[in-house]
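Worksheet: the structure to be examined is printed underneath.
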Amino acid sequence: MFREFRREVEDALTAALTSMDLPTDDLGVEEPPEDVPAVLASSVAFRLAGELGQAPPQVAARVADEIDGSGYEYVGDVGTQGPYVNFEVSDAYYAATLDGSGDESWGRLEDRGTSVVVEHTSANPTGPVHVGRARNPIIGDAIANSLDFAGYDVTREYYVNDAGRQMALFTWAYERFDEEDLPVPERDRADYEFVRYYRKGNAWLDDADEEEAEAAEAEIEAIIRGLETGDDETYERVSHVVDSVLAGMRESLGRLPAEFDRFVKETQFLRDGSSDALVDRLRESQYAERDEGAWVLDLEEWGIEKSFVFLRSDGTTLYTTRDLAHHEWKFERFDEAITVLGEDQKLHADQLEAALEILGNDIDQLTSTFYSWVNLPEGGMSTREGTGVDLDDLLDEAIDRARDEVEKRLDSRIRDDELDDDDVERIAHQVGIGAVRYDIVSKQPTKGITFEWERALDFEAQSAPYVQYVHARACGILDEADSEGLTVDPTAADPAVLDHPAERELLRTIARFPAVVETAAEDLEPHTVATYVREFAEAFNAFYRECQVLGAEREEVRTARLALVVAARNTVANALAVLGIAAPTSM
RNA sequence: GGGCACGUAGCUCAGUCCGGACAGAGCGUCGGACUUCUAAUCCGGUGGUCGUGGGUUCGAAUCCCAUCGUGCCCGCCA
């Protein structure tokens, strides 16, 4: 409803200014501070003061007088407070909000008929997912969710880097070393088992004498060449390693949960010839030149000083070259492509975009969004070095701590719904994993994060359980209503009886949700949903404190409040869904 | 050396893109509220040179310039 109201306010202001023969290019529409009794306000009077030769408050009064709100459904009182023109909402606004949010799809926007592929995570299949990378699936999943809610047709893609030197080295190490020479795996799962070969291979190469190293390098080179020329046997060997490790990684990611619609392998673009064809096209471009046997692009026109190598001097392709073919493949299948990348990829993303433009693509189709690393207090995390905290360990610890909390609270529990062991386990999972996700998704991705156990697993307010608790409370009320034989009928509710300030504030907050989804999707900023849902939880808790639902004195009030609780539950459930956080029905 | 990001309360962060009403939360700390739909809750107190210095503007945390600090990146790795 907020979106419709905002449009009406803009219309009304434009009409008023036009009839006063004033410019309408900057309406100055903004959300006023909390204590102002208005949903939107305009600061346009400041800008017109000079032109009219009057002080802003006088200008505001004149503009407010000129506004005719009668033709609008949701515009209520229009008044001024000093230099500001304030717009209150009408009763119809509350009524429409209560009606709309009674639907479980509240917050889902109309279908846009636009397909978008969201590529995220795409961690190299070298070993278990560590916390340093965990920001990618959590942010990526939330971005995909917000686009889905905003009416896009979303495909979630994991791009598998199975063609580089890294995987060739891994395959060589896997075939070269015996398991008995390796440490016991940290977990009984493929990614933990295989990563031992990868680490061993790297360590061995670091220590090997020149002759040994050269022989090993020759074998690794042979694997790279085999992949490059599309040799089936080489592909099978590498695939065994890649698929095994990836299967393990998918289990970790699935716990978040972060699911993918498709896994696209880099080797696909070597095997189908698209990578070679692309190199030929690039070579013909005016920006291509040879440099010490390699082929490079001069990207100075794009403000990139260093030229970009797209073909090695030995004739093999590079990661970014193959990624070019990958992106053309995406452009053919989707209207828009979004990639969630670590901040270290910025230059590559710029080079990729420039090269795609040279190849004649419409680069408006592509948007890259970046996040900063999660580091340990003592430094970065590395799969190769085996430094860092595994995502599995973080999630296990989070669940353990959440379980302790649940059990600690069982004794002092007022509600007599008798949680059984399954409930305790369910809540521990929902809260533990939710807390980890909320901690990450609630911050701007560009901010650096230093991982600390205590902070990541803080269940206090401004964390997932605070919001989840609101959902559980709403469900609790509705359960109770159900067991008392009360039917919740939103159509029978009269929104006019919801005149308590806490009820009004809750409805106003609910009304904003679709607009929050819209901007989160447009700006690819899911953390704004996290901010919103926290504010929502505050509004609900105030309502919960001030307004008895089941114990309401009049039946019509109870009916209306029950409808409000349904609306609140739908809102918080969907906001949590966007963030990828579970909404517990009890806690 | 060049480029990009970040710097807001003791700590963790919103707000910055699109300038506007006294800069907001949580944690911490101090005090208060459970015979009342779940106290993982709520209420009150405490706490800020918005890194620093200039500039633009009626108005700057927000825009511009400079500067300091931190992180990331700077062709044949991914």
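Not measured: the values here are computed from a predicted model. Below, chains carry the letters A, B, ... as their sequence lines are ordered, and counting in each starts from 1. No hydrogens, no waters, no symmetry mates; every other heavy atom, side chains included, goes into these values.
OP1 or OP2 of B:rC6 has not a single side-chain nitrogen or oxygen of A:Tyr371 nearer than 4.0 Å. In terms of phosphate contacts, A:Arg47 brings no side-chain nitrogen or oxygen within less than 4.0 Å of OP1 or OP2 of B:rG19.
Straight-line distance between the P atoms of B:rG75 and B:rC68: roughly 25 Å, to the nearest whole Å.
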Could you go through residues 28-36 of chain A and list every donor-acceptor pair under 3.5 Å that involves a side-chain atom there, pairing it with any protein atom two or more places apart or in another chain?
residue, atom, partner, partner atom, Å
A:Glu30, OE1, A:Ser43, OG, 3.2

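Nucleic acid contact for A:Ala472: base, since at least one base atom lies under 4.0 Å from a heavy atom of the residue. Note on A:Val470: nothing from the nucleic acid sits closer than 4.0 angstrom, heavy atoms only. If you check every strand for non-hydrogen atoms under 4.0 Å, A:Asp162 touches nothing. Among the atoms of the strands shown, only primed sugar atoms or phosphate atoms (P, OP1, OP2) are found under 4.0 Å from some heavy atom of A:Tyr466. Within 4.0 Å of A:Asn375, counting heavy atoms only, lies no atom of the nucleic acid at all. As judged by a 4.0 angstrom heavy-atom cut-off over every strand, A:Phe370 is placed among residues making no nucleic acid contact.
You'll find that the side chain of A:Gln81 is closest to B:rA21, out of B:rC72, B:rA21, B:rC37. Picking from B:rC74, B:rC43, B:rU36 the nucleotide with the shortest atom distance to the side chain of A:Gln548 gives B:rU36. Across B:rA21, B:rC42, B:rC37, the shortest atom-to-atom separation from the side chain of A:Ile477 is found for B:rC37. When each of B:rA21, B:rC42, B:rA40 is scored by its nearest atom to the side-chain atoms of A:Glu30, the top-ranked nucleotide is B:rA21. Set against B:rA40, B:rC77, B:rU41, the side chain of A:Leu318 has B:rC77 as its closest nucleotide.
The salt bridge (Lys or Arg N to Asp or Glu O under 4.0 Å) search around A:Glu266 returns A:Arg322, not counting sequence neighbours. By the side chain to side chain contact (heavy atoms under 4.5 Å, CB included) test, A:Arg62 pairs with A:Met20, A:Leu52, A:Gln54, sequence neighbours left out. Scanning for side chain to side chain contact (heavy atoms under 4.5 Å, CB included) contacts around A:Asp314 gives A:Glu221, A:Arg312, A:Thr316, with sequence neighbours left out. A:Arg135 is linked by a salt bridge (Lys or Arg N to Asp or Glu O under 4.0 Å) to nothing, counting only residues two or more places apart in sequence or in another chain. Residues meeting the ring pair (Phe, Tyr, Trp, His ring centres under 6.0 Å) test with A:Tyr438, sequence neighbours left out: none. Residues passing the side chain to side chain contact (heavy atoms under 4.5 Å, CB included) test with A:Ala213 are A:Ala208, sequence neighbours excluded.
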- Item | Contact letters for nucleotides 26-34 of chain B, in which S counts primed atoms plus P, OP1 and OP2 and B counts the base, heavy atoms under 4.0 Å | SS------B
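With a 6.0 Å cutoff to the six-membered ring centre and a 45° limit on the axis angle, A:Arg473 counts as a cation-pi contact of A:Tyr544.
Between the side chain of A:Asn86 and the base of B:rA21 there is at least one donor-acceptor pair of N/O atoms closer than 3.5 Å. The base of B:rG71 is not paired with the side chain of A:Ser372 by any donor and acceptor separated by under 3.5 Å.
Taking a pair as Watson-Crick or G-U wobble with both distances under 3.5 Å, the runs of three or more consecutive pairs in RNA chain B are B:1-7 with B:68-74, B:10-13 with B:24-27, B:28-33 with B:41-46, B:51-55 with B:63-67.
With respect to the salt-bridge test (charged N to carboxylate O, under 4.0 angstrom), the residues A:Glu217 and A:Arg165 qualify. Between A:Glu405 and A:Arg409 there is a salt bridge, with a side-chain nitrogen of the basic residue lying less than 4.0 Å from a carboxylate oxygen of the acidic one.
A heavy-atom distance below 4.0 Å to RNA chain B is reached by these residues of residues 437-450 of chain A, ordered by number: A:Lys443, A:Gln444, A:Thr446, A:Lys447, A:Gly448. Within residues 557-568 of chain A, no residue places a heavy atom under 4.0 Å from RNA chain B.
The glycosidic torsion of B:rG75 lies within 90° of 0, which places this base in the syn conformation.
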Please produce a list of atom pairs where a protein N or O lies less than 3.5 Å from an N or O of nucleotides 61-65 of chain B.
none

